[in-house]
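Data first, discussion second: the structure below is written as structure tokens.
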Amino acid sequence: MKKTLIYSLLLGSMATFTACSDDDKNDERNIPETYDPEEVYAGGKLGTTFNVTGYAFAQPSPAVDEQGFTHRFQMGEYLFERDFNQNKDGAFHGLGPIMVRNGCLYCHPNYGYGKRMDRYRATDMGNGYLLVIYDKETEAYIRSVAGMPQTLAVAPFKSPINENGINIKWVEYTDEWGNKFPDGESYSLIYPEVSIAQEAFYSPIMVARDGQDVQVDASEIGVKLEATIAVYGTGLLDAIPDDSIIAQYDKEAQAGANLNPAMYANGQYVGWYKGLTGVPYVRRFTYALSRGPVLDAAGANAIWNITNVTRSDRRYHYLDMAGTYYAQTASKDPDVQKEFYTYFPEENKTGNVEQDIYNYLTGREQTAEMSDDEYRNFMVWHRGLAVPAVRNANTEEFQLGKQKFNEIGCAYCHRPSWTTGDDHIQDPNGMFTNDSDMPRYPNQKIWPYTDMIQHKLYMQNDIRTGWCRTTPLWGRGLSILVANHQDRLHDRRARNVTEAIMWHGSQASDARQSVENFRQLNKKERDAVVKFINSI
């Protein structure tokens with residue numbers, strides 16, 4: 001009943017078009033030709049929710065209920081919503097010894113996206129930032145902290161980075177057009193500059209150069225921000241066939257697109273992702289396209305390395321890129337030595353506290369703190385999250401915005417629709433092998449507005465490598481309701497859609513022509529494009 005009511009509200013403007021004529025009994029009879037009724041179902045019939053309130057990102061897909069996963073979805077939801085702790089006998093235990101966050105909601109407020117922040121504090125609700133710390137000489141991650149650097153610790157351990165030493169400065173930026181459209185309307189652009197003080201690092205700063213790890217000064221490293229991506233709709237993106245994504249690479253390559261050679265080279269796809277099973281999969285998740293199927297993608301990774309809660313397939317702690325530098329420093333720390341046996345009395349004792357600390361931190365056979373059943377519940381929840389339905393689809397402004405979005409070239413990278421395949425469950429690690437293990441979305445037409453490929457925008461102080469996967473646009477306009485902000489782009493430098501578009505406008509950007517076309521639109525047309533993007 002609730003779905004029917006909300007759907008009526010969404011498409012209520014259709015009644016305006018039909019009320020003048022008794023003959024027009026079917027609302028869809030007067031839908032403009034540019035409107036596809038299927039597009040309201042952004043996630044297809046199996047993946048769309050018509051709850052478009054502040055809880056829009058938290059809804060189970062119809063597939064969850066229809067395929068019998070309601071209970072597991074709810075149990076997985078608990079793992080996402082609760083903070084983890086050190087209570088070894090109770091629920092949500094296993095936190096630490098060092099961690100990025102205590103729980104998921106700090107990065108995903110109300111299931112949404114992290115927002116732009118003026119400081120880095122892991123316990124600030126809504127801070128979806130992950131620090132990207134790299135060697136300026138090689139652009140590789142530094143070796144002495146984790147790829148997702150931790151700033152929290154469970155006593156007696158100390159955090160790898162002291163948050164008081166992290167500085168975020170937002171800098172005003174003026175583009176080549178003076179931050180003005182031809183009709184005089186102005187906009188503002190800002191970007192972050194981030195630094196970490198030398199004394200904030202717990203261990204010596206180590207980088208890999210010429211095949212060896214060497215110690216460097218803080219002045220030789222760079223620091224950038226990357227914010228959390230969406231958790232909703234990932235199951236639907238997972239259901240897009242590998243060969244369909246490869247076909248998109250082929251199409252863009254033939255059109256002369258600039259493609260990441262690590263993903264596509266010599267006329268073929270080369271970016272295969274392999275897990276423990278060794279089966280190759282197309283990369284599709286994270287800005288860096290570092291992950292393949294969702295069952296070994298960002299969420300599967302985060303529930304382990306963000307909290308450092310071990311499980312049967314990862315019975316070791318997430319420490320640093322080398323796996324030893326933090327352990328070496330902590331094992332020699334007198335404060336850690338003094339209290340170690342108080343906090344970890346069950347650990348095997350050799351009589352050498354330094355060795356015991358090192359063994360505990362680096363051991364590869366830790367007790368699994370999350371059960372396989374809990375992990376399955378979490379992944380059922382993750383794969384089962386719905387996508388919000390399209391809003392305002394039959395308004396004149398939406399139709400104008402859609403028309404201009406296509407005309408100016410946005411749809412080239414933000415490809416509107418895909419069709420899912422048979423959606424057989426794929427797990428690179430082999431824990432889930434049967435179709436009955438997870439919610440599935442076979443043969444659905446979905447509207448994520450992404451080509452699933454990386455491009456370069458050449459923004460000021462850009463993402464680490466410059467390559468960034470085209471962000472799906474579906475549902476993003478609801479962020480203001482869900483998380484009380486509308487910040488966009490990988491580091492949330494764009495405070496609204498217009499700023500996000502204009503950050504695509506560098507002369508070397510793959511989207512340069514689209515931005516030039518956007519600038520030539522009149523204000524009504526620009527506003528319509530923004531309305532369209534916020535409605536899909």
Side-chain angles (χ1 to χ4, degrees), residues 34 36 38-39 42-44 47 229-230 233-234 236-273 280-294 297 387 402-424 426 441-458 463 465-474 490 501 504-506 508-518 529 532-533 536:
T34 56
D36 184 345
E38 284 186 323
E39 191 171 353
I229 58 177
T234 46
L236 290 154
L237 297 178
D238 196 48
I240 298 172
D242 279 4
D243 57 6
S244 294
I245 297 177
I246 292 174
Q248 182 69 19
Y249 275 93
D250 292 337
K251 176 183 177 181
E252 294 192 20
Q254 292 165 11
N258 180 28
L259 300 177
N260 185 349
M263 299 294 160
Y264 192 91
N266 300 318
Q268 61 183 343
Y269 183 79
V270 296
W272 300 104
Y273 178 85
Y281 299 99
V282 168
R283 296 175 183 266
R284 63 183 70 206
F285 292 111
T286 78
Y287 301 117
L289 287 180
S290 60
R291 295 280 161 172
V294 75
V387 170
K402 180 179 180 180
Q403 176 188 343
K404 296 303 176 183
F405 181 90
N406 289 316
E407 287 180 356
I408 67 178
C410 298
Y412 180 80
C413 294
H414 289 283
R415 171 179 166 172
S417 67
W418 294 79
T419 299
T420 64
D422 292 336
D423 194 20
H424 297 300
Q426 302 178 113
Y441 305 95
N443 308 310
Q444 301 292 294
K445 189 173 184 180
I446 62 175
W447 301 79
Y449 286 85
T450 173
D451 60 0
M452 304 295 285
I453 292 176
Q454 291 173 314
H455 299 279
K456 284 191 172 185
L457 300 182
Y458 294 94
I463 198 168
T465 65
W467 294 106
C468 189
R469 187 197 71 166
T470 304
T471 298
L473 298 179
W474 56 4
H490 71 281
I501 293 173
H504 287 57
S506 168
S509 170
D510 294 343
R512 168 72 178 200
Q513 187 60 56
S514 293
V515 175
E516 289 183 347
N517 294 339
F518 180 74
V529 171
F532 169 74
I533 291 173
I536 55 179

To the nearest 0.5 Å, what is the distance between [atom1] ([X]) and [atom2] ([Y])?
X	Y	atom1	atom2	result
Ile453	Leu289	CD1	CG	9.0 Å
Glu252	Asn258	CD	CG	10.5 Å
Met452	Phe285	CE	CZ	5.5 Å
Ile533	Cys410	CD1	SG	6.0 Å
Cys413	Leu457	SG	CG	8.0 Å
Arg469	Tyr287	CZ	OH	9.0 Å

Donor-acceptor check, side chain of [X] to backbone of [Y], threshold 3.5 angstrom: yes or no?
X	Y	value
Ser509	Tyr458	no
Thr420	Asn443	yes
Arg512	Gly505	yes
Thr450	Thr470	yes
Gln454	Leu259	no
Asp422	His424	no
Gln444	Pro442	yes
Ser514	Ile408	yes

Who pairs with Lys404 by salt bridge (Lys or Arg N to Asp or Glu O under 4.0 Å), at least two apart in sequence or on another chain?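 By the salt bridge (Lys or Arg N to Asp or Glu O under 4.0 Å) rule, Lys404 matches Glu407, Glu525.
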Report the C-alpha distance between Ile246 and Val282 in whole Å, list the side-chain angles of each, state the deciding distance to 0.1 Å, and finish with yes or no for side chain to side chain contact (heavy atoms under 4.5 Å, CB included). CA-CA 8 Å; Ile246 292 174; Val282 168; 3.8 Å; yes
Exercise: do Asp451 and Gln248 side chains pair donor with acceptor under 3.5 Å: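 No, Gln248 and Asp451 have no side-chain donor paired with an acceptor closer than 3.5 Å.
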Using distance alone, with no hydrogens and no angle criterion, decide if Tyr264 and Asp250 have a side-chain donor and acceptor under 3.5 Å apart.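 The answer is yes; a qualifying pair exists.
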Evaluate the criterion side chain to side chain contact (heavy atoms under 4.5 Å, CB included) for residue pair Tyr281 and Gln426; output intermediate values, then yes/no. CA-CA 9 Å; Tyr281 299 99; Gln426 302 178 113; 3.4 Å; yes
Between [X] and [Y], what is the shortest heavy-atom contact and its length?
X	Y	value
Trp474	Gly43	CZ3-CA, 4.3 Å
Val515	Ile501	CG2-O, 3.4 Å
Pro448	Ser417	CD-CA, 4.3 Å

If the condition is ring pair (Phe, Tyr, Trp, His ring centres under 6.0 Å), which residues does Phe405 pass it with, not counting sequence neighbours?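 With neighbours one apart ignored, the set is Tyr449, Phe532.
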Answer yes if the ring centres of Tyr249 and Tyr269 are under 6.0 angstrom apart, and no otherwise.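 They qualify: ring centres under 6.0 Å apart.
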Keeping to residues at least two apart or across chains, list the salt bridge (Lys or Arg N to Asp or Glu O under 4.0 Å) pairs with something in residues 236-246.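 Every pair satisfying salt bridge (Lys or Arg N to Asp or Glu O under 4.0 Å) with a residue in residues 236-246: Asp238-Arg383, Asp242-Arg284.
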Does Lys402 pair with Glu39 as a salt bridge, N-O distance under 4.0 Å? yes
